[in-house]
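Just below is one structure, and these are the notes that go with it.
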Protein chains: 2
Amino acid sequence: MPPTIYDIAKKAKVGIGTVSRVFNNHPSVSKETRNRVLHFANRMNYHPHPYARGLASKRTNSILAVIPYFTTFFFIEILQAVQAILAESNYDLILHGVTHPEHVEGMLRKNTVRGRVDGMLFLSLKMPKKFAHEYVNSHVPVVLVDTYHPDFDSFTVENVKGASIATKHLISLGHRRIGILNANLESTPAQERLQGFKSALKEAQIPMEQCLIKHSTSVRLDGFTHEDGYGLMKQFLALGTKKPTAIFVTSDIQASGALQAMEETGIRCPEDIALIGFDDIELARHIGLTTMRQPMSEMGTLAVQRLFERMKNEKLEPIFRTFLPTLVVRRTSELISSREVNQQGTRPIRTVVQTTN
Amino acid sequence: MPPTIYDIAKKAKVGIGTVSRVFNNHPSVSKETRNRVLHFANRMNYHPHPYARGLASKRTNSILAVIPYFTTFFFIEILQAVQAILAESNYDLILHGVTHPEHVEGMLRKNTVRGRVDGMLFLSLKMPKKFAHEYVNSHVPVVLVDTYHPDFDSFTVENVKGASIATKHLISLGHRRIGILNANLESTPAQERLQGFKSALKEAQIPMEQCLIKHSTSVRLDGFTHEDGYGLMKQFLALGTKKPTAIFVTSDIQASGALQAMEETGIRCPEDIALIGFDDIELARHIGLTTMRQPMSEMGTLAVQRLFERMKNEKLEPIFRTFLPTLVVRRTSELISSREVNQQGTRPIRTVVQTTN
DNA sequence: AATTTTCGTGGAAGCGCTTCCAAAAATTCC
DNA sequence: GGAATTTTTGGAAGCGCTTCCACGAAAATT
C-alpha cells in the first residue's frame, strides 16, 4: 500500500493538516517543519492521491479535450501546444475522441458537470444547440476551438477571408477560369470556404460557372481526404477544354490527391492548372503546395490561456477570436514566366510566406 | 451543485447502496427498483463522480500514456488505435508528454503508484534502469511500446530485420553502392537499423564503405527530421562519382528531406539514386516513397489488449512481441527498365505492398 | 507585566462514492 | 402454514485528502 498523508504525518510527528499544507504550498508552515515533512515524504515516495485531492478540494488539475475521432495533423498541432502549457502548469490532459456526432451531447452532459474536470476544450465539433441552451451556470468552463457558438469563447479560423485571399491570389496570377474543389458542404469550413471563394470572384467580376464548382459528398472526414481530392480532380480533368486553369482546393490533403490525379493524367502543375490548398500541413511543404496557413499552435496556446482565465473567473463575457490564415506561396502557383530553371531542368522548391493583415 | 448519490436515493426512495448497485450493474437489484433509480438519475442528470468512485473503489477507469514530447505521426497512429479500444471500454486516456528525458523517472515514480491510474502505456522512451529495478510489485501495470525492457511487456518493431529487408530490396534491384542515411546513433532505432543495414551488406558480400554511412548528430527528435535528411543527402551528393546508387534512409521524414535535396541538385530518383525509407507515414504514399511499413495501429491495439489482460491478472510473465515491418514498393525504388511512361512523360504513382514473413 | 496580535499547528468534518454486513422481503420447501 | 432459503435492500464505515476552526506559543504592543 502506498503511504498516505497519515503515514507521513506520523513519521514526521506533525498533524495531517500540516502535511497537507506543505504539499499545497500554504505559507504558514515553518521552514523546519516543512523540510522535515518533505524529507520523509521523499523517503517514503509519497505522492498525494490526486483523486482524494480532487474530491476534497473540488479541483481536479486536469482539463479535457474533446476531439473528433479522426486524428489529423490539425488536431495534433493544436494539442501539442495545449500540452506544452498544461505540462508546465502541472495539469493533466484527458483526451476524448468522439466517434459519432450523436455522442457529443451525452459526452457534454456527462463531463460538463462540476468536479469531473476543471475545464474543457471542445475542438472542431458542432456544439449541439439544445445543449448550449441549457448550459447555464454552475458548469465547467468550456472553450471552443475551430468551431463557434455565441455562448462560449470561440477561437476559429477565418475561413471566408482565407478562401477569399486564396482565390484572389489565383486571380492576381492572371487566372480567370478558376475552380473550387471543396469538401462536404455539410461541414462549416466547407461552406465558409465556398462563400469566400464566391465573394472573391464576384469582387473581381468574374462570372461563376457551375461546372467549376465541385464538392465531395463523402461522409468520411467530411470529405477532407486524399481520395476525395483525387476523385473530384478527375472530374475537373474530364471537362476537357472547359477545365479551369487554376483551382482552390479546400484542404492540403485533398490537394495532394488532386495533384496525384494530375500527374497520372499528365496535366502539369502549375503550367496547366495551378493549385492552392488550405491548412499548410507538413505535407504541403514537401510537395511544394501553395496554401493558406492555419496558425494551429497559436490557436491552441491562446485557447488554453483563455480557458485558464475563465477557470479563475467564471463570469467573463464570451469572446470570439478569429485567426486569419496566411498565404504561403510555393511551386503549385508559381507564375510560369518567373520560374528559375536550372541546368537539370529541375527547380528549387521555395517557400514564400506572405503576411496578410 | 450537481446531484449526488444521496439526492437520487432520496428521490427514488431507496438507499444509497441500491443506487450504487444500479450504476455498477450489480445483479441483485430488482427490475422495478433499477428502473425507478435510472428514471430519476436521468431526470436529474446524475453522473457518479469519477473521483469519488476512484477513491472508494481503487479503480480509476483511466489509463495513462506516456509519450515523448514531440508528437509525430508514429505516436498519433498508435494512440488513435489505443483510443478506439479505450473508448469502447469506457476508459479515459490521459496523456503525458515528456519534455526532458530526465523527467521520465520522476513521472514514473509519481504515476506508477496504485490508485492514480489503472494502467500505463510507455511509448518510445527508455525505461530508466534504476527505476525498472526497484519497480517490484504492488505497482500499476505497465506495457511498453516501441521500446524494450525484460521486466515488462514490450511491443517493438524489428528494426534490425526491417533495415535488413530494406537493404536487401535495394540489393535485389541490382544496386551495389548502397548508402545509409541514419538518424542520431544515440537512439536505439538508429542503432538497430544501422545493424540491419550492415548485416544485409555482409550477407550479400558487399564491402562496406565508410563514406556511404552517414548519420545525424542532431538532438532534436533524435535526428529524425526533414532537415537532417536534407543536410545529410547534400553530403552524399557532394561525393561526386563516389556517391551511392541507392540509399536506405532510416525514416520517411528524413527521406522527404533527402528527396528535396536531390530535386534541388537535379539528381533524379530513382534513376540516379534510388531511395527507401522507414515508417510508411501518410506522406510516403503522397511522394511515392518506397518504405518499410510499421504496423502502428496493430501495435497500439495489441498493447492495450495486453495491458487489459495484465490489469485483470497481475502475475503474468512479461511477453516480448515483435512486429516485422513490411516492404512497400513505390516509385523511389522502381526498376528503371520496368517503368511505364505515358505520353506526357509522367508516371502513375503505384503502391505495391509486399508481405514478408 | 499584562494584554493583544501573530504565527504555527492539530485534527474533526466532509467531499461522493463502494463495499460490506445485517436485516427485511419475497420465494421456496416440507 | 410455518420454517428455511434466497433475493433485495439500507446504511455505516472508510477511501485519502482539504479546509476550517480552535488552540497554544511566541512576538509585539501597551
Side-chain angles (χ1 to χ4, degrees), chain A residues 1-38 40-41 44-62 90 110-111 113-118 138 140, chain B residues 1-38 40-41 44-62 90 92 110-111 113-118 138:
Chain A
M1 275 292 113
T4 72
I5 200 170
Y6 287 93
D7 301 323
I8 306 304
K10 196 176 291 175
K11 278 278 182 196
K13 300 199 195 312
V14 296
I16 56 164
T18 302
V19 179
S20 174
R21 263 166 243 132
V22 169
F23 276 88
N24 289 287
N25 292 315
H26 194 289
S28 75
V29 183
S30 74
K31 205 146 203 166
E32 306 109 81
T33 314
R34 155 178 228 84
N35 283 141
R36 193 147 37 89
V37 169
L38 249 21
F40 285 106
M44 303 173 70
N45 191 26
Y46 167 75
H47 299 276
H49 193 300
Y51 281 20
R53 244 183 167 165
L55 190 57
S57 70
K58 290 154 178 324
R59 278 178 281 101
T60 65
N61 263 261
S62 59
N90 230 323
K110 184 165 158 190
N111 286 294
V113 169
R114 282 231 175 285
R116 276 60 178 164
V117 292
D118 294 342
S138 79
V140 162
Chain B
M1 276 290 115
T4 72
I5 200 169
Y6 287 93
D7 301 322
I8 306 303
K10 196 176 291 174
K11 280 276 182 196
K13 300 200 196 311
V14 296
I16 55 164
T18 302
V19 178
S20 174
R21 262 165 245 135
V22 168
F23 277 89
N24 288 287
N25 291 315
H26 194 288
S28 74
V29 183
S30 74
K31 206 146 203 167
E32 305 110 82
T33 313
R34 157 181 227 84
N35 283 142
R36 192 147 36 90
V37 169
L38 248 22
F40 285 105
M44 303 172 69
N45 191 25
Y46 168 75
H47 299 275
H49 193 300
Y51 281 19
R53 244 181 168 165
L55 190 56
S57 70
K58 291 157 177 325
R59 277 177 283 99
T60 66
N61 261 263
S62 60
N90 231 322
D92 277 348
K110 183 165 159 192
N111 285 294
V113 170
R114 282 229 175 287
R116 277 59 177 165
V117 292
D118 294 342
S138 79

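Quick note on labels: first sequence line is chain A, next is B, and so on, each numbered from 1.
For the pair B:S20 and B:I5, the minimum side-chain heavy-atom distance is below 4.5 Å. Here the side chains of B:Y6 and B:V19 are not in contact, with every heavy-atom distance at 4.5 Å or above.
A distance of 10.5 Å separates OG1 of B:T18 from NE2 of B:H26, quoted to the nearest 0.5 Å. Rounding to the nearest 0.5 angstrom, the gap separating the CD1 atom in B:I8 from the CE atom in B:M44 is 4.5 Å. Distance CZ/B:F23 to NE2/B:H47: 8.5 Å, rounded to 0.5 Å.
Distances shorter than 4.0 Å separate some side-chain N or O of A:T33 from OP1 or OP2 on C:dT9. Using a 4.0 Å cut-off, no side-chain N or O of B:S30 falls inside it from OP1 or OP2 of D:dT7.
In this structure a side-chain-to-backbone donor-acceptor pair under 3.5 Å is present from A:T60 to A:D118. Here the side chain of B:D7 pairs a donor or acceptor atom with the backbone of B:T4 at under 3.5 angstrom.
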Would you give a per-nucleotide map of nucleotides 11-22 of chain C, 5' to 3', where B means the base has a protein non-hydrogen atom under 4.0 Å away, S means only the sugar-phosphate does, and - means neither? BB-BBBBBBB--
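Only one option out of A:I16, A:V37, A:T33, A:V29 pairs with A:R21 in a side chain to side chain contact (heavy atoms under 4.5 Å, CB included); it is A:V29.
Looking at heavy-atom distances under 4.0 Å, B:K13 makes contact with sugar-phosphate atoms alone, never a base.
Rounded to a whole Å, the CZ atom of A:R34 is 14 Å from the C1' atom of C:dT9.
Over its length, the helix from C:dA1-D:dT30 to C:dC30-D:dG1 turns its helix axis by 40°, as judged from the five terminal pairs at each end, rounded to 10°.
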